[in-house]
Amino acid sequence: MRKPFIAGNWKMNTDSRTSVQLAECIASGSLEVAGHRATVAVFPPFVYLQSVARALSASSVAVGAQDVYCQSNGAFTGEISPSMLKDIGCTYVLCGHSERRHVIGETDELINKKVAAAISGGLLPILCVGELLSEREASQTKEVVTRQLRNGLAGLTAEKVSALTIAYEPVWAIGTGRTATPQQAQEVQNLVRNLIAEMYDGQLAEEIRILYGGSVKPGNSAELMSEQDIDGLLVGGASLNVDDFLSIIRSAV
Ligand code: PEP
């Protein structure tokens with residue numbers, strides 16, 4: 001039985017006051033709507049991670065970073081290591097979010113190094129995969145997601161991959177208001193689970209959580225969660241609104 005996982009990616013939003021306020025409201029509200037029946041995590045901007053982690057330290061809401069670098073220390077100006085994130089109370093980290101792939105230009109190879117470094121550093125990565133609209137229209141979804149998954153996990157053992165969560169986020173659905181249908185998401189997420197079984201083993205494939213992300217809202221979350229291979233939701237825009245985020249959590253348990 002896979003525990004539902006609802007993750008809120010705040011992207012480059014909030015400030016020092018509103019980040020803590022939002023975190024506190026989510027902590028008290030999620031306990032009320034879901035108890036401990038769901039894993040809930042928030043992903044604030046780097047500069048607010050420490051204060052949000054402090055505000056959430058007595059709660060069951062976990063904190064994650066939106067990115068990490070693949071080295072543990074040294075001359076990497078501007079970058080943040082897995083041990084630094086651990087040190088300030090982070091549990092999770094997003095790797096390969098579509099905005100990092102397509103706006104910042106991260107490659108599968110770099111993302112693979114980040115996933116490996118995150119796991120070695122004791123963090124739990126969420127590897128994001130997903131196709132562009134042009135790739136879906138050219139019937140390349142399977143090929144793109146397979147490549148991103150195989151390259152993203154290159155060289156990682158089953159034991160390491162057991163620390164991982166995967167998020168399927170079709171790029172055309174992120175921040176666009178255009179959600180994948182539950183059937184479209186299920187089809188790709190089933191492919192992802194079968195790939196994990198092929199690359200590793202059936203037990204790991206059964207246990208690993210696969211989230212859907214892309215314009216998730218209170219109005220579509222329950223239907224998405226009813227699909228067999230959708231174990232949780234990675235929520236962007238709607239995670240900045242307490243009521244919306246809580247109602248998405250409620251719909252998942
Ligand atoms: C995301 O940031 O991963 C995301 C899915 O954003 P949104 O929910 O706004 O589409």
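One-based numbering, in listed order, for ligands and for the atoms of each. Atoms considered below: every heavy atom in the structure, side chains included; atoms not considered: hydrogens, waters and symmetry mates.
The closest approach between a heavy atom of Ala173 and any atom of ligand 1 is below 4.0 Å. The closest approach between His97 and ligand 1 falls below 4.0 Å for a heavy atom of the residue.
Only the side chain of Asn9 comes within 4.0 Å of ligand 1, judged by heavy-atom distances. Residue-level proximity to ligand 1 for Glu99 is absent, since no heavy atom of it falls below 4.0 angstrom.
Remark: Phe76 pairs with Tyr69 by the ring-ring contact (aromatic ring centres under 6.0 Å, His included) rule, at least two apart or across chains.
Among protein heavy atoms, atom 8 (O) of ligand 1 sits closest to Gly236 N, 2.8 Å. The protein heavy-atom contact nearest to atom 5 (C) of ligand 1 is Glu169 OE2, 3.0 Å. With respect to atom 2 (O) of ligand 1, the closest heavy atom belonging to the protein is Lys11 CE, 2.6 Å.
Going from atom CG of Leu153 over to atom CG of Leu164 covers 6.0 Å, rounded to the nearest 0.5 Å.
Those atoms of ligand 1 with a heavy atom of Gly214 less than 4.0 angstrom away are 5 (C), 10 (O). Within ligand 1, counting atoms from 1 as listed, the ones closer than 4.0 Å to a heavy atom of Gly175 are 7 (P), 9 (O), 10 (O). Distances below 4.0 Å separate heavy atoms of Ile174 from the following atoms of ligand 1: 4 (C), 6 (O), 10 (O). For ligand 1, the atoms lying closer than 4.0 Å to a non-hydrogen atom of Gly237 are 7 (P), 8 (O), 9 (O).
Geometrically, ligand 1 and Leu234 share no nitrogen or oxygen pair separated by less than 3.5 Å.
Between Asp108 and Arg101 there is a salt bridge, with a side-chain nitrogen of the basic residue lying less than 4.0 Å from a carboxylate oxygen of the acidic one. We find that Glu206 and Arg193 are not joined by a salt bridge, their nearest charged nitrogen and carboxylate oxygen being 4.0 Å or further apart. Using a 4.0 Å cut-off between charged nitrogen and carboxylate oxygen, Arg2 and Glu207 do not count as a salt-bridge pair.
Side chain to side chain, Arg209 and Thr39 meet the donor-acceptor criterion of an N or O pair below 3.5 Å.
For Gln228, the CD atom counts as loosely surrounded, since its 6.0 Å shell holds 12 or fewer non-hydrogen atoms of other residues, nucleotides or ligands.
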Pairs of donor and acceptor atoms involving the side chains of residues 120-135, under 3.5 Å and at least two apart or interchain, shall be tabulated with distances.
{"from": "Ser120", "atom 1": "OG", "to": "Ala116", "atom 2": "O", "distance (Å)": "3.1"}
{"from": "Ser120", "atom 1": "OG", "to": "Lys160", "atom 2": "NZ", "distance (Å)": "3.3"}
{"from": "Glu131", "atom 1": "OE1", "to": "Tyr168", "atom 2": "OH", "distance (Å)": "2.9"}
{"from": "Glu131", "atom 1": "OE2", "to": "Arg136", "atom 2": "NE", "distance (Å)": "2.7"}
{"from": "Glu131", "atom 1": "OE2", "to": "Arg136", "atom 2": "NH2", "distance (Å)": "3.3"}
{"from": "Glu131", "atom 1": "OE2", "to": "Tyr168", "atom 2": "OH", "distance (Å)": "3.0"}
{"from": "Glu131", "atom 1": "OE2", "to": "Trp172", "atom 2": "NE1", "distance (Å)": "2.8"}
{"from": "Glu135", "atom 1": "OE1", "to": "Leu132", "atom 2": "N", "distance (Å)": "2.7"}

